[in-house]
Amino acid sequence: NAGVTQTPKFQVLKTGQSMTLQCAQDMNHNSMYWYRQDPGMGLRLIYYSASEGTTDKGEVPNGYNVSRLNKREFSLRLESAAPSQTSVYFCASSEGGTTNEQFFGPGTRLTVL
Amino acid sequence: AQSVAQPEDQVNVAEGNPLTVKCTYSVSGNPYLFWYVQYPNRGLQFLLKYITGDNLVKGSYGFEAEFNKSQTSFHLKKPSALVSDSALYFCAVRDRTGRRALTFGSGTRLQVQP
């Protein structure tokens, strides 16, 4: 069981470039999430998918789009990267329901120049 | 809106001493509360959660947390700290309306000195 995997681990972009962060989980979880982590601010939710075929905005969705490709995969796309999107991005999954803990991937460290 | 406050950016404790990492929350109604730990260059790992019932919750690696409804707190504790406990700790809250998103605190860095 790999748990939650994310690719790439590191990425450097120039302002205006686009990229997609990939996330996959092998725990048969219904719900998946994308967070960003910035110093002193904890984790902030970008988007989440409660189940296959659904996505919802979180706290900081501007500048991002997501795709729940199937039950296993949930990708995050930056269409036109900005320096303010320099951050560490974490994908997480859970069984769904409000009492279940989330399982996190190792993160993607993104720098936008 | 729900929120979490972790008032200490860093907590320093000597190995073998008890530790407390503080967390207070604000949410409509009764909360679901979680603690996560993050080691350097890793994702977050689940430690423990409070859903209902006993106010003292036991979790992984000897950690426990006490839910105090009147003080809206959920402090993380451990009777005897280890150097290997040094990490970043996050408290998180979710309300019971069915919304699945967690709200995280800003994190507290725990430094255990040998």
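Order of the sequence lines fixes the chain letters, A, B, ..., with proteins taken first and strands second; residue numbering starts at 1 for each chain.
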For the [atom1] atom of [X] and the [atom2] atom of [Y], what is their distance to the nearest 0.5 Å?
X	Y	atom1	atom2	value
R42(B)	F104(A)	CZ	CZ	14.0 Å
Y33(A)	L102(B)	OH	CG	7.0 Å
Q102(A)	F34(B)	CD	CZ	7.5 Å
L43(A)	T103(B)	CG	OG1	11.0 Å
F46(B)	N100(A)	CZ	CG	9.5 Å

Should [X] and [Y] be regarded as members of a common hydrophobic cluster, given that ILVMFWY residues are connected when their side-chain heavy atoms come within less than 4.5 Å of each other, either directly or indirectly?
X	Y	answer
V57(B)	F63(B)	yes
V37(B)	L44(B)	no
L78(A)	V60(A)	yes
L45(A)	F90(A)	yes

Are more than 12 heavy atoms from other residues, nucleotides or ligands located less than 6.0 Å from atom [atom1] of [X]?
X	atom1	answer
K71(A)	NZ	yes
R109(B)	CZ	no
N70(A)	CG	yes

Exercise. Heavy-atom distance under 4.5 Å to chain A: side chain of Q6(B), backbone, both or neither?
Worked result: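 No part of Q6(B) comes within 4.5 Å of chain A.
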
For this session: Using non-hydrogen atoms and a 4.5 Å limit, figure out which bit of Y36(B) sits close to chain A: side chain, backbone, both or neither.
Result: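 Answer is side chain: those atoms of Y36(B) sit under 4.5 Å from chain A.
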
Exercise. Side-chain contact, heavy-atom cut-off 4.5 Å: E101(A) with Y32(B)?
Worked result: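 Side-chain contact under 4.5 Å: no.
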
For this session: Measure Q37(A) against the heavy atoms of chain B and call it side chain, backbone, both or neither at under 4.5 Å.
Result: side chain

Exercise. With only heavy atoms counted, which part of R109(A) is less than 4.5 Å from chain B, the side chain, the backbone, both or neither?
Worked result: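 Side chain of R109(A) only, per the 4.5 Å heavy-atom cut-off to chain B.
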
